[in-house]
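Written out below as structure tokens is the structure these notes cover.
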2 protein chains.
Amino acid sequence: MSSIKELARRCGVSVATVSRVFNTPEIVSPGTRRHVLDMAAEVGYLPNESARTLATKKSNMVGLVWDTDHRRPGWRHPFLQDILVALKSALSAQGLHLLMLAPDRSAGPDSRQRFLRAVQRHSVDGVVIIDNGSRDPAVLALVDAEVPCVALDLRFTGPTCTSITSDNAGGGRLAAQHLIDRGHHRIATITGPPDTWPAAERLAGFRAALTEAGRTLADADIASGDWYLDSGYAAMKRLLPRSPTAVFAAGDEMAVGAMRAIHEAGLRIPADIAIIGFDDIEVAALVPPGLTTVAQDKTGIGTAAAEAIVAMLLGSPAPAEPTTLPTALITRGST
Amino acid sequence: MSSIKELARRCGVSVATVSRVFNTPEIVSPGTRRHVLDMAAEVGYLPNESARTLATKKSNMVGLVWDTDHRRPGWRHPFLQDILVALKSALSAQGLHLLMLAPDRSAGPDSRQRFLRAVQRHSVDGVVIIDNGSRDPAVLALVDAEVPCVALDLRFTGPTCTSITSDNAGGGRLAAQHLIDRGHHRIATITGPPDTWPAAERLAGFRAALTEAGRTLADADIASGDWYLDSGYAAMKRLLPRSPTAVFAAGDEMAVGAMRAIHEAGLRIPADIAIIGFDDIEVAALVPPGLTTVAQDKTGIGTAAAEAIVAMLLGSPAPAEPTTLPTALITRGST
DNA sequence: CGGCACAATGTAACCGGTTTCATGAAACCG
DNA sequence: CGGTTTCATGAAACCGGTTACATTGTGCCG
């Protein structure tokens with residue numbers, strides 16, 4: 001692998017000129033430019049990114065902060081893959097690489113610095129944060145250090161930090177309106193962890209739409225889960241004694257768990273109980289009779305995250321308000 | 001952020017000594033070592049990885065080659081996320097970062113060099129390849145260039161290249177044996193793309209077990225799909241006229257599609273047709289009556305890939321034979 | 001006590017780029 | 001035609017580490 005010096009020598013020019021050919025081609029004469037480019041292709045010259053990063057402090061890498069340590073409540077969710085693929089594709093299109101950061105252990109495995117240190121050591125240009133609402137101090141350290149951040153489904157604010165989210169409140173309204181339209185009166189809901197932003201928003205939207213329609217949502221008609229299937233099953237068991245005719249589960253996984261509880265109780269969907277979920281993960285379409293749900297635009301989220309980080313890297317200020325993507329009602333057999 | 005020079009100055013030692021404190025601590029006297037470490041903690045010194053990479057040509061980064069470009073048949077599969085999480089966790093535990101490589105576009109978007117160039121520019125130590133059996137020439141370029149490679153479900157050989165796979169043939173046998181045990185005689189199968197290694201192995205194992213049991217698998221009882229749901233549906237439609245009593249679908253997604261076709265034909269599962277899948281993705285447990293399937297150890301695959309690449313980075317030769325992980329029969333309602 | 005091995009440290013070259021500043025030649029101006 | 005811009009390029013410092021080699025000060029040996 002030839003270096004810039006080697007290439008410069010073969011072209012009979014200085015390294016500065018070669019460097020210019022690749023970085024500011026407009027200021028080098030067409031003749032030399034051609035010559036250098038041809039020779040570069042011939043010898044297979046590739047600029048060394050480490051050297052470039054060292055000199056410029058820009059790495060063309062976006063960090064992904066996603067703590068998959070099994071001791072921590074790292075977020076695993078079936079739709080993350082869709083987001084990740086979209087994110088990676090959109091970044092690739094800009095020539096940016098996505099670095100899945102290993103937490104830095106030099107200050108201890110639980111250090112508040114574990115992400116920040118990794119980011120700084122690698123001169124990562126910005127980060128995308130996938131977290132489950134746990135407000136990990138190590139994530140906050142990034143915000144405090146003013147690393148350009150884009151958080152998914154997490155409300156962070158700071159001069160260099162913005163977030164991307166679905167219109168959770170609007171989705172909650174969509175769900176409520178749909179159940180109202182279907183003529184339901186005894187309506188219950190299974191929410192996510194109450195202290196997480198998406199869960200709170202979905203519930204707020206849902207409740208607001210019910211209120212506007214002149215109904216109220218009793219506390220006893222609210223059960224909460226942890227997004228995952230088993231918690232939906234358990235929550236539904238708690239709700240069954242209230243004999244609702246319709247349930248809004250704030251996540252599809254929980255909805256599927258709830259459906260199981262409903263079946264086990266000998267009730268039919270949607271005849272005895274209608275159910276609507278949120279997310280539109282793959283199983284929603286597959287589990288009979290098909291789960292009506294509020295779809296999130298997963299690809300849109302990934303793409304928006306990429307756009308947001310790219311904009312910040314180009315110098316735009318971080319939008320103070322979250323970028324909100326529309327949700328859509330997908331009607332299937334469960335309502 | 002302080003540099004090594006700064007730290008050396010404050011400690012009253014040379015940069016070489018500081019460097020040794022972090023790289024070969026055993027050859028520096030305990031006194032200075034302590035002093036340097038204390039001072040490093042005090043000023044928040046972090047070694048710059050780009051500089052280190054530049055000097056050593058080791059980056060502590062493993063590349064992930066996974067072409068998600070929508071124009072290409074990049075592999076998307078529900079279980080990839082599990083593999084990815086396991087891979088990332090296992091690498092993180094070794095202090096290695098996972099770099100999702102953006103294809104290098106400097107030689108054109110379809111260049112055979114697009115991954116290799118990215119790998120070389122970033123001095124990536126090794127790569128993990130996720131591909132769908134398409135034998136992309138750009139992937140082969142990595143093998144040819146003798147980059148340390150670990151391929152998932154892809155049979156590559158080379159002095160620096162090994163692969164990780166489930167025991168697909170064994171899994172195929174498991175499926176056949178299970179159907180035989182259940183007393184089925186009219187058995188059909190839906191395979192993956194015939195030119196892919198996992199599909200071929202699963203079919204081979206399946207057929208072998210049938211043969212050993214004194215049965216044959218007629219060509220007309222074999223339909224192939226592309227792993228995804230719709231193709232399973234279509235394949236099953238083709239098989240229905242053969243009125244099989246049991247079907248082995250070489251992937252769960254296709255199995256779910258097949259189940260749909262079976263239902264639409266007014267047949268019951270498992271009473272009229274039993275079906276067994278492969279993979280054990282999340283939906284398998286959720287789609288009624290529960291899909292019996294041959295489970296792959298997704299976490300094991302990710303972990304094994306990490307171990308394999310780590311071993312190669314430490315100097316071990318690439319195992320010529322693939323690392324094969326056991327599969328397991330998961331019995332549910334569909335058989 | 002001279003010579004030697006060894007442990008601890010320093011000096012300086014090097015990794016491969018970017019960028020500031022200087023330089024020389026050509027173009028432009030009155 | 002002399003002086004000033006402008007353009008293309010080169011020289012050299014710099015980014016922040018690693019490491020081969022040189023240097024120094026011990027302790028040990030015969």
Side-chain angles (χ1 to χ4, degrees), chain A residues 1-37 39-40 43-61 95 104 106 117-125, chain B residues 1-37 39-40 43-61 95 104 106 117-125:
Chain A
M1 280 195 40
S2 52
S3 72
I4 198 174
K5 280 189 192 114
E6 170 79 2
L7 180 56
R9 196 181 50 72
R10 287 167 95 115
C11 292
V13 300
S14 73
V15 294
T17 300
V18 175
S19 179
R20 289 186 194 107
V21 166
F22 290 99
N23 297 304
T24 47
E26 60 280 4
I27 68 164
V28 29
S29 77
T32 15
R33 192 193 313 164
R34 261 263 62 77
H35 184 203
V36 170
L37 286 175
M39 187 62 78
V43 305
Y45 167 73
L46 292 177
N48 179 312
E49 290 296 329
S50 302
R52 190 201 284 258
T53 300
L54 180 57
T56 61
K57 297 171 179 344
K58 300 246 139 270
S59 63
N60 285 329
M61 294 192 295
D104 186 295
S106 63
R117 292 172 79 108
V119 162
Q120 292 177 332
R121 290 172 73 137
H122 286 92
S123 317
V124 157
D125 298 336
Chain B
M1 280 197 41
S2 54
S3 73
I4 198 173
K5 282 192 191 106
E6 170 79 1
L7 180 56
R9 196 180 51 69
R10 287 167 95 113
C11 293
V13 299
S14 73
V15 293
T17 300
V18 175
S19 179
R20 288 193 271 260
V21 166
F22 290 99
N23 297 306
T24 48
E26 59 282 3
I27 68 165
V28 29
S29 77
T32 16
R33 192 193 312 164
R34 261 264 62 76
H35 184 203
V36 171
L37 286 175
M39 187 63 76
V43 305
Y45 168 72
L46 291 177
N48 179 312
E49 290 297 328
S50 301
R52 190 201 283 260
T53 299
L54 179 57
T56 62
K57 296 170 179 345
K58 301 246 137 270
S59 63
N60 286 329
M61 293 193 297
D104 186 296
S106 62
R117 292 171 80 108
V119 162
Q120 292 177 333
R121 290 172 73 136
H122 289 272
S123 316
V124 157
D125 298 336

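Every chain is numbered from 1 and lettered A, B, ... according to where its sequence line falls, protein lines coming before strand lines.
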Checklist entry - Reading DNA chain C 5' to 3', how would its secondary structure be written in dot-bracket notation, given Watson-Crick and G-U pairs with both distances under 3.5 Å, brackets [ ] for crossing pairs and | for partners on other strands? => result ||||||||||||||||||||||||||||||
For nucleotides 7-14 of chain D, print each protein N/O atom paired with a nucleotide N/O atom at under 3.5 Å, atom names and distance only.
unit_1, atom_1, unit_2, atom_2, d
D:dT9, OP1, A:Ser29, OG, 3.2
D:dT9, OP1, A:Thr32, OG1, 2.8
D:dT9, OP2, A:Ser29, N, 3.1
D:dT9, OP2, A:Ser29, OG, 3.4
D:dT9, OP2, A:Thr32, OG1, 3.1
D:dG10, OP2, A:Ser14, N, 2.8
D:dG10, OP2, A:Ser14, OG, 3.0
D:dG10, OP2, A:Thr17, OG1, 2.6
D:dG10, O6, A:Arg20, NH2, 2.6

Item to check | Test salt bridge (charged side-chain N to carboxylate O under 4.0 Å, His left out) applied to B:Arg20 - qualifying residues, sequence neighbours left out | outcome: none
Quickly work out the [X] [atom1] to [N] [atom2] distance and round it to whole Å.
| X | N | atom1 | atom2 | value |
| --- | --- | --- | --- | --- |
| B:Arg121 | C:dG17 | CZ | C1' | 12 Å |
| A:Leu54 | C:dC14 | CG | P | 17 Å |
| A:Glu6 | C:dC14 | CD | P | 16 Å |
| B:Arg52 | C:dG17 | CZ | P | 21 Å |
| B:Lys58 | C:dC15 | NZ | C1' | 14 Å |
| B:Arg9 | C:dG10 | CZ | P | 15 Å |

Checklist entry - Hey, can you pull the residues of residues 44-51 of chain A with a non-hydrogen atom under 4.0 angstrom from DNA chain C? => result A:Tyr45, A:Leu46, A:Pro47, A:Asn48, A:Ala51
Checklist entry - For A:His122, which residues count as a side chain to side chain donor-acceptor pair (under 3.5 Å) partner, sequence neighbours excluded? => result none
Next on the checklist: My understanding is that only residues two or more places apart in sequence, or in another chain, count here; which of them pass side chain to side chain donor-acceptor pair (under 3.5 Å) with A:Ser3?
Outcome noted: none
Checklist entry - How is B:Ser19 classified with respect to the nucleic acid when contacts are heavy atoms under 4.0 Å: base, sugar-phosphate, or nothing? => result base
Next on the checklist: Can you tell me how far apart OG (B:Ser50) and CE (A:Met61) are? Round to the nearest 0.5 Å.
Outcome noted: 6.5 Å
Item to check | Min side-chain heavy-atom separation A:Leu7-A:Val43 under 4.5 Å | outcome: yes
Checklist entry - Is any side-chain nitrogen or oxygen of B:Asn23 closer than 4.0 Å to OP1 or OP2 of D:dT19? => result no
Next on the checklist: For D:dT18 and B:Lys57 - does any side-chain N or O of the residue sit under 4.0 Å from the phosphate oxygens OP1/OP2?
Outcome noted: no
